Every structure is written in structure tokens, then in C-alpha cells.
Amino acid sequence: MRAVAEALNTTTSTVSQQISALARETGAALVEPQGRRVRLTPAGRRLVEHATVILAAVEAAQRDLAPGAEPSGTLRVAGFATAIRAHLLPIVTRLAVEHPGLHLLVREHEPAEALELLAADEVDLALTYDYTLAPAEPDPSVLVTEPLWTALWGLGVPATAHEVAGGDVEGMTTVEVFARFRACDWIGNSRNTADETVIRTLASLAGFSPRLTHRSDSLDLVEDMITAGLGVGLLPLDRPTLPSVRVLPLAAPEVRMRVHAVTRRGRASWPPLALVTELLRQRAGLSRPFAQRIDPTL
């Protein structure tokens with residue numbers, strides 16, 4: 001008892017009290033007299049075996065979760081299709097080679113759905129988007145939003161748009177462009193309200209209420225709808241489109257998508273999450289498939 005007390009820089013009485021408390025918790029005698037000393041009982045020796053395993057597991061967990069640890073485990077990500085396809089999937093391929101102990105579970109969801117999963121702790125990272133004309137405001141007391149990249153959007157119209165618009169629309173302001181297509185049906189997103197908010201805001205500035213009659217969360221399907229003559233809708237400016245579709249620039253005001261990495265507050269330093277977020281930042285700064293580095297002031 002005295003040797004233990006000296007090693008722990010405490011008193012013999014404290015060591016004795018702690019062993020007695022542990023014996024009460026386990027329901028078994030852990031030490032027994034041996035002359036003027038004490039020795040472990042069989043139950044005490046068995047507890048030592050368990051303690052060795054438990055302490056080793058605690059140390060392993062501390063090493064695994066430390067900010068500088070090798071990223072490993074499972075990272076759950078929810079995001080919209082374009083971000084997953086253009087930015088996350090290339091990262092998955094790289095991680096398989098450089099960090100084989102880290103596995104990503106990927107779920108395709110529109111922003112509102114991804115944020116709900118994040119708030120419910122069903123995913124660790126949400127890749128979301130909003131527009132400068134339709135900003136999203138996740139609860140900052142619970143969620144942390146980090147900007148990644150932006151992309152300018154335009155108005156997707158048939159290639160023969162000049163016939164619908166009654167002439168060329170080059171050089172017109174956004175409001176003037178919208179006014180030219182006021183008689184058309186409009187295509188919105190089926191699982192997110194941001195596109196509709198942008199369309200209704202700009203249409204209101206142009207003095208009309210748009211007929212949002214068709215909805216799709218697939219950009220390819222939006223193009224097919226435009227080709228079929230079902231209406232017009234928002235599309236990224238620098239995304240390759242079908243020959244039958246033309247994307248008109250929108251300026252004054254511009255329509256800019258902003259992409260974000262959203263996490264639960266206090267978790268950003270977890271090695272797998274920190275690594276994947278940093279790789280996304282790198283891709284946002286180095287790659288240009290319908291994206292540019294975000295300006296935080298926007």
C-alpha cells in the first residue's frame with residue numbers, strides 16, 4: 001500500500017479507500033492480508049487482466065481520436081449530386097490508396113435533407129448549396145458552415161430562344177431577360193426551394209408571377225425538359241449542355257450558387273472529417289469543373 005501511495009504521490013489511506021470502493025463496485029474482495037502486506041485475490045488478479053485490456057483500449061481510442069492521428073474509421077457524408085460526382089468521388093479514390101483505414105458512406109440528398117440528417121447526427125458532413133439571392137441560414141449554435149466554391153448560373157432556354165424572346169437577349173440585364181420569357185412555363189427543383197425562390201424573386205422584379213409547372217432535381221432532366229419545349233429553368237453557366245439548349249448569362253443581379261461544407265459544432269478536428277474537408281477545399285481551389293473558389297464576402 002505504501003509503495004503504491006508513493007508511486008501515485010498520495011497517502012496510504014487514500015489507496016486503501018480507493019481499493020475498498022472498487023471492491024464494493026465489483027462486488028468481490030480484491031485484496032487479502034499476507035503477513036504485514038496484502039496480495040491480490042483471484043478476483044483481483046482477474047480484474048487486473050480486464051483493466052489491462054480496458055486501459056489499452058482507452059489509449060488506442062485517444063491515439064485514434066487525437067487531432068494528429070492517422071484518419072481511420074467511417075465518415076458519413078450527405079450531399080447533392082453535382083458535389084458528390086465532381087468533387088467527392090475523386091477524393092474517395094484517393095483515400096482508398098492513401099488512407100485505406102478510412103471509409104466513406106455517401107448519401108445523395110438535397111441541402112434541406114442533408115442538414116436534417118446532420119442535425120439528427122445521422123451523417124458527419126453535409127455538402128449543401130444556396131444562392132446569393134436565396135441564402136440559407138443553418139443554426140450557427142449547432143452547425144458550422146465553411147464555404148467551398150461558387151458557380152455562376154444562367155437561364156436555360158431552347159437554342160431557338162430568340163424566337164420565344166422576340167429577338168436577341170445578349171447584353172440585357174437579368175430582369176430584362178426574365179421579362180422576355182414571362183409567357184413560358186418554368187422548371188424548378190423538386191426537392192429544394194432555393195431555385196424557386198430565385199426564380200420568383202427575379203420574376204417579381206420583372207413584374208410577373210412565373211408559372212412553375214415542372215420540377216426536377218436532375219440537371220440532365222431539366223435540359224431534356226427544355227429540349228422538349230416544356231419550359232425554361234436555371235442551369236450552371238459553365239456546364240456543357242445539349243446542342244438544343246442555350247444558357248443565357250444573368251447579370252445585374254447575377255445568380256451565384258454557393259457550396260458549403262457543414263459540420264456539427266465541435267467536431268471539425270476529428271481526423272477523418274478534417275482530412276476530407278481539407279481535400280474538398282483543395283479541389284475547390286485547384287479544379288474548375290463548373291466551380292470557382294468562393295469569396296466569403298458574397
Side-chain angles (χ1 to χ4, degrees), residues 54-132 135-151 192 256-298:
I54 292 170
L55 293 175
V58 169
E59 291 178 2
Q62 290 173 334
R63 290 193 301 269
D64 186 49
L65 300 178
E70 167 65 20
S72 61
T74 300
L75 179 68
R76 306 164 298 172
V77 183
F80 61 103
T82 299
I84 291 174
R85 183 181 297 113
H87 294 271
L88 187 63
L89 293 185
I91 289 175
V92 172
T93 303
R94 177 176 172 179
L95 290 175
V97 176
E98 299 180 1
H99 302 278
L102 175 58
H103 305 283
L104 265 64
L105 294 181
V106 180
R107 301 171 63 171
E108 185 271 320
H109 286 281
E110 285 293 299
E113 301 165 344
L115 290 175
E116 286 184 6
L117 292 172
L118 187 63
D121 201 21
E122 295 184 27
V123 297
D124 305 300
L125 172 64
L127 300 178
T128 68
Y129 68 86
D130 65 1
Y131 296 96
T132 49
E137 299 180 351
D139 185 353
S141 67
V142 179
L143 304 177
V144 177
T145 301
E146 179 175 349
L148 291 177
W149 67 84
T150 72
N192 189 37
R256 185 179 291 274
M257 171 191 274
R258 306 180 297 186
V259 180
H260 310 278
V262 188
T263 59
R264 290 178 64 87
R265 183 166 295 280
R267 298 191 181 180
S269 62
W270 182 41
L273 187 54
L275 172 63
V276 171
T277 304
E278 175 57 27
L279 292 177
L280 287 169
R281 280 196 296 265
Q282 292 177 12
R283 284 194 61 82
L286 299 176
S287 61
R288 291 278 307 170
F290 118 65
Q292 69 183 61
R293 183 66 181 175
I294 198 166
D295 181 350
T297 64
L298 292 173

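As the structure is a prediction and not an experimental result, all values here were calculated from the model.
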Checklist line | Thr277 versus Ala261, closest heavy-atom pair with distance | finding: CG2-CB, 4.5 Å

Check: Taking side chain as C-beta onward, heavy atoms only, is Glu70 less than 4.5 Å from Leu275?
Finding: no

Next item on the list: Would you sort out whether Val123 and Val77 count as a side chain to side chain contact (heavy atoms under 4.5 Å, CB included), showing the intermediate values?
Entry: CA-CA 6 Å; Val123 297; Val77 183; over 6 Å; no

Item checked: Side-chain heavy atoms of Leu280 within contact of Leu127, under 4.5 Å -> yes

Check: For Leu117 and Ala78, which heavy atoms make the closest approach, and how far apart are they?
Finding: CD1-CB, 4.3 Å

Checklist line | Leu279 vs Gln282 side-chain heavy atoms within contact, under 4.5 Å | finding: yes

Next item on the list: Would you confirm whether Arg76, through its side chain, and Asp121, through its main-chain N or O, come within 3.5 Å as a donor-acceptor pair?
Entry: yes

Next item on the list: With the side chain counted from C-beta on, respond yes when Val276 and Leu95 share a heavy-atom pair under 4.5 Å apart, and no when they do not.
Entry: yes

Next item on the list: Could you please spell out the steps behind the side chain to side chain contact (heavy atoms under 4.5 Å, CB included) verdict for Leu148 and Arg281?
Entry: CA-CA 6 Å; Leu148 291 177; Arg281 280 196 296 265; 3.9 Å; yes

Notebook entry, point to check: Quick one: are Asn192 and Phe80 in side-chain contact, heavy atoms under 4.5 Å?
Noted result: no

Note to self: Do Asp130 and His260 have side chains that approach each other closer than 4.5 Å (heavy atoms only, starting at C-beta)?
What the structure shows: yes

Checklist line | Worked check of side chain to side chain contact (heavy atoms under 4.5 Å, CB included) between Asp124 and Trp270 | finding: CA-CA 10 Å; Asp124 305 300; Trp270 182 41; 4.0 Å; yes

Item checked: Side chains of Arg258 and Thr145 in contact at under 4.5 Å (non-hydrogen atoms) -> no

Note to self: Can you give me the closest heavy-atom contact between Pro71 and His99, atom names plus distance?
What the structure shows: CD-ND1, 4.0 Å

Check: Tyr129 and Met257: which non-hydrogen atoms are nearest, and at how many Å?
Finding: CD1-CE, 3.6 Å

Margin query: Could you check whether any side-chain heavy atom of Val144 comes within less than 4.5 Å of a side-chain heavy atom of Arg264, counting everything from C-beta outward?
Written below: no

Notebook entry, point to check: Does a donor on one side chain sit under 3.5 Å from an acceptor on the other, for Thr150 and Arg256?
Noted result: yes

Next item on the list: Apply side chain to side chain contact (heavy atoms under 4.5 Å, CB included) to the pair Glu122 and Arg107, showing each step before the final yes or no.
Entry: CA-CA 11 Å; Glu122 295 184 27; Arg107 301 171 63 171; 4.2 Å; yes

Note to self: Give me the atom names and distance for the closest heavy-atom approach of Leu115 to Ala126.
What the structure shows: CD2-CB, 4.5 Å

